[in-house]
2 protein chains.
Amino acid sequence: MQKNKLPTIKEIAKRLNVSVSTVSRALHGHPSIGLVTTMRVQKIAEEIGYEANKSAIHFKERKTYTIGVIIPNLSEPFFSSALSGIEDIAEKHNYNVIIGQSLDNFEREKRIVENMKDHRVDGVLVSLTKDTSTYEHFENLKKYNIPVVFFDRVPARKDINFVACNLLSGMLQAMAKLVKAGHKRIGLINGPAKLAATLQRVEIYFKCLKENNLPIDQDIMVSTSLAKSDNVKAIQKLLALDERPTAVIVFNDYVVLDCIAAVKAAGLEVNKDISFISFANLPIWEYMDTLPLASIEQFAHSQSVIATEYLFKMIDEPGAGYGTDKPYLQHVIDSEMIDYSL
Amino acid sequence: MQKNKLPTIKEIAKRLNVSVSTVSRALHGHPSIGLVTTMRVQKIAEEIGYEANKSAIHFKERKTYTIGVIIPNLSEPFFSSALSGIEDIAEKHNYNVIIGQSLDNFEREKRIVENMKDHRVDGVLVSLTKDTSTYEHFENLKKYNIPVVFFDRVPARKDINFVACNLLSGMLQAMAKLVKAGHKRIGLINGPAKLAATLQRVEIYFKCLKENNLPIDQDIMVSTSLAKSDNVKAIQKLLALDERPTAVIVFNDYVVLDCIAAVKAAGLEVNKDISFISFANLPIWEYMDTLPLASIEQFAHSQSVIATEYLFKMIDEPGAGYGTDKPYLQHVIDSEMIDYSL
DNA sequence: TTGTACGCGTTATCAG
DNA sequence: CTGATAACGCGTACAA
């Protein structure tokens, strides 16, 4: 029935027996168009409910006014909160945001990048899969002049733009606190080996031990794929040790949640038999009865906002050198211990 | 430096001294093109790294292969989980998803709808603002043949497509459980008046009281704007009553979180001095020590998936009558009590 | 002050 | 088998 008969500039021109350019200019209030004509045009534009087809304009401008966001999983508060920040900034720039969930799957990540390139987004924000260790799919975007900024889960390279968290600062505070409380045997539950953050955690862990003159003991270092069952296994391994750690650094708050449950299930008491410190600072701690001693804030929102703002710099001033060589964005946010033991 | 010199079909044509149509057909493996020509074309296409400009194709097809999602807030797990489901389905249909956060602000919602229309999305999914009570901005989309499906927070109308939760079924189970446990004074903490769900809650509340031969008492009915401070005020009002309720139906799990905290702060014990039942079934309950007696699952994921699939039916078969009159989607999911008291 | 012509990248139609 | 041309909706340099 209703044919796709959307009002166009052409339609208006026909009705008024003027040219499309006149209509176009009239609609934009161009000074060179006579007042009467302008009014007449605007009048029927109003009447027939004309509204410019942005996608046509974008096509012509060879821009889409859209940025792409690639993240592992929307269901994780960390990422949805980041996305929320991104959308905020994009909206201020009159940009749209399209999303792609990699689901921590490298192949999917590649497909999503491909798709975003096909759609000619004007820029891309990425938080990597835990399995991403090559970056050609992103290189490809350079060919299309599509700027990329990584955040949080970033490649281990120097020729890219990223914003991430320096976990050390907060961790040092936390560690000092543990040592002061008398902990001498401090374990580590780390994440998947391929994640850059995992390596970082080890480094920090070592550094902190050293800083406090504590020995390194491989027995109390375990890791998890981040799957729930694996989290439980990890903590259980530690609990089963003859000489178990009295405190544990944990990859993130989600893992700690499972650890706490497992400790309770084992008939032990959190913060007495064993204490935890982890990374993320989930908003729910506020409501929990049993929490880690401290959590190292990761600033999902700040990270994403900074990344997005830089992305827009690159988009708005192409050729200004942003994102190339010297002015690479390599923003590292100092982390911060949030003390829950008070 | 690098001019926007992306390889196009035209470029290939020039290099080979053939027409663009030949190139186009060769690229698509059209049978009418000679094998040699086809090969030659594909060869340099490969060489110069040609990739079709989808946005040009979409422009020509007058489709964007993009759907819009309008939700109050990405930071709420309920909505991010819904969005996750939407993105999943869209991806299967090779569609993109653009998002808009209304932040529960009616004016923003209008702007977002406008924006999505400007961008000519092929369809829209909406969960309303708590202040939305008029729907002209959506009517407008009809003019552009952009189908709309509402989910969860839906308009109180019959001439639209929606999927929502019937909260009654789960609630009846929960209520039966309360009564069986001896509760006779059951209060209500409701949400903002403008939200359709608020009215629904009252109806259910009344119905359940009646079903169980309990009297209605205005004193134990309060409401909150959903802001934290307001949540606390609401529960405190109930706690301050001479004869306070022994159990309370609460608008949703987020409000309960604040209630529980307030109860503890008042030196009372949850599930002893006062019990709660609410709506949402947050994933974190699993990890909490203090939880409501039960939570009525809202099925964020299911709702959004069903809504999205119907949206694609409308998109894929326009004129098939979907979304008009008889085949309006008015899918109501029966809710389900999740019992946490075991 | 207004109109003509062109370009954005692609596909479809019609001719040859 | 291949090419020229129109069309999608709009903006704009150039011409009148």
Side-chain angles (χ1 to χ4, degrees), chain A residues 3-42 44-45 48-66 117-122 144-145, chain B residues 3-42 44-45 48-66 117-122 143-146:
Chain A
K3 279 270 183 188
N4 270 356
K5 275 288 186 183
L6 296 188
T8 75
I9 206 178
K10 205 184 281 180
E11 175 68 17
I12 300 181
K14 197 182 297 174
R15 296 218 195 184
L16 261 58
N17 276 318
V18 295
S19 76
V20 288
S21 40
T22 304
V23 175
S24 174
R25 286 185 281 235
L27 255 16
H28 292 308
H30 194 286
S32 78
I33 300 293
L35 191 57
V36 270
T37 326
T38 302
M39 300 262 282
R40 290 208 312 149
V41 168
Q42 288 180 344
I44 54 150
I48 66 177
Y50 168 80
E51 316 206 36
N53 183 337
K54 287 242 171 95
S55 76
I57 298 175
H58 297 168
F59 169 59
K60 187 178 167 52
E61 290 183 353
R62 279 180 279 177
K63 288 194 63 173
T64 53
Y65 294 94
T66 299
K117 181 212 61 200
D118 284 346
H119 278 263
R120 303 289 196 269
V121 295
D122 294 340
Y144 286 82
N145 295 320
Chain B
K3 278 271 184 188
N4 270 354
K5 276 288 187 182
L6 296 188
T8 75
I9 207 178
K10 207 183 278 181
E11 175 69 17
I12 300 180
K14 197 182 295 173
R15 294 219 195 182
L16 260 59
N17 276 318
V18 296
S19 75
V20 287
S21 25
T22 303
V23 176
S24 173
R25 286 185 283 235
L27 256 15
H28 292 305
H30 194 287
S32 77
I33 299 295
L35 191 58
V36 270
T37 326
T38 303
M39 301 260 284
R40 293 210 309 150
V41 169
Q42 288 180 345
I44 53 149
I48 67 176
Y50 168 80
E51 316 205 37
N53 182 338
K54 287 244 170 95
S55 75
I57 298 175
H58 297 168
F59 169 57
K60 190 178 165 51
E61 289 184 353
R62 278 177 277 179
K63 290 194 62 173
T64 53
Y65 293 95
T66 300
K117 181 212 60 200
D118 284 347
H119 279 263
R120 302 291 195 266
V121 295
D122 294 341
K143 226 179 58 191
Y144 286 82
N145 295 320
I146 301 175

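Proteins get letters first, then strands, A, B, ... in listed order; numbering begins at 1 in each. Every heavy atom of this structure was used, including side-chain atoms; hydrogens, water molecules and symmetry mates were not. The structure displayed is predicted, hence computed values, not measured ones.
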Pick the nucleotide of DNA chain C nearest each of B:Ala56 and A:Ser19; which residue has the one closer to the 5' end?
A:Ser19

B:Tyr50 OH to C:dG9 C1': how many Å, rounded?
7 Å

Against the side chain of B:Ser32, the closest entry in D:dT2, C:dT10, D:dG3 is D:dT2

Compare the minimum distances between each of C:dG3, D:dA4, D:dC10 and the side chain of A:Val18, then state the nucleotide with the smallest one.
C:dG3

Does the side chain of A:Ser24 get closer than 4.0 angstrom to OP1 or OP2 of D:dG11 through an N or O atom?
yes

Just wondering, more than 12 heavy atoms not from B:Lys14 lying within 6.0 Å of its NZ?
no

Please report the distance, rounded to the nearest Å, between CG in B:Asn53 and P in C:dT10.
6 Å

Sort me out a list of protein N/O and nucleotides 13-15 of chain D N/O pairs below 3.5 Å, or just none if empty.
unit_1, atom_1, unit_2, atom_2, d
D:dA13, N6, A:Arg25, NH1, 3.3

Evaluate the criterion side-chain contact (heavy atoms from CB on, under 4.5 Å) for residue pair A:Thr66 and A:His58; output intermediate values, then yes/no.
CA-CA 10 Å; A:Thr66 299; A:His58 297 168; over 6 Å; no

Are OP1 or OP2 of C:dG3 and a side-chain N or O of A:Thr22 less than 4.0 angstrom apart?
yes

Residue closer to the 5' end of DNA chain D, B:Glu61 versus B:Thr38 (nearest nucleotide)
B:Thr38

A:Glu11 CD to D:dC10 P, in whole Å, measures 11 Å

Grab the two heavy atoms, one from B:Arg25 and one from B:Ser32, that are nearest each other, plus how far apart they are.
CD-OG, 4.3 Å

Nearest-Å distance, NZ (A:Lys14) to P (C:dG3)?
16 Å

For B:Ile12 and D:dT2, what is the distance between atoms CD1 and P respectively, to the nearest whole Å?
16 Å

Over how many whole Å does the gap from B:Ile9 atom CD1 to C:dC8 atom P extend?
13 Å

Can you tell me if the side-chain N/O atoms of B:Lys10 get under 4.0 Å from OP1 or OP2 in C:dC8?
yes

Taking all atoms of both residues into account, what is the closest heavy-atom pair of B:Asp122 and B:Ile146, and its distance?
C-CG2, 4.2 Å

Nearest nucleotide by nearest heavy atom, which residue falls closer to the 5' end of DNA chain C, A:Val20 or A:His30?
A:His30

Nearest listed nucleotide, side chain of A:Thr37, among C:dT1, D:dG3, D:dC8:
C:dT1

Please report the distance, rounded to the nearest Å, between NZ in B:Lys117 and P in D:dG9.
16 Å

Minimum-distance pair of heavy atoms, taken over all atoms of B:His119 and A:Ser55:
O-CB, 4.4 Å

May I have the step-by-step check of side-chain contact (heavy atoms from CB on, under 4.5 Å) for A:Thr22 and A:Thr37, ending in yes or no?
CA-CA 8 Å; A:Thr22 304; A:Thr37 326; 3.9 Å; yes

Starting at CZ of A:Arg62 and ending at P of D:dT12, how long is that distance when rounded to a whole Å?
14 Å

Assess whether side-chain contact (heavy atoms from CB on, under 4.5 Å) is satisfied between A:Ile12 and A:Val41, documenting all intermediate values.
CA-CA 7 Å; A:Ile12 300 181; A:Val41 168; 4.3 Å; yes

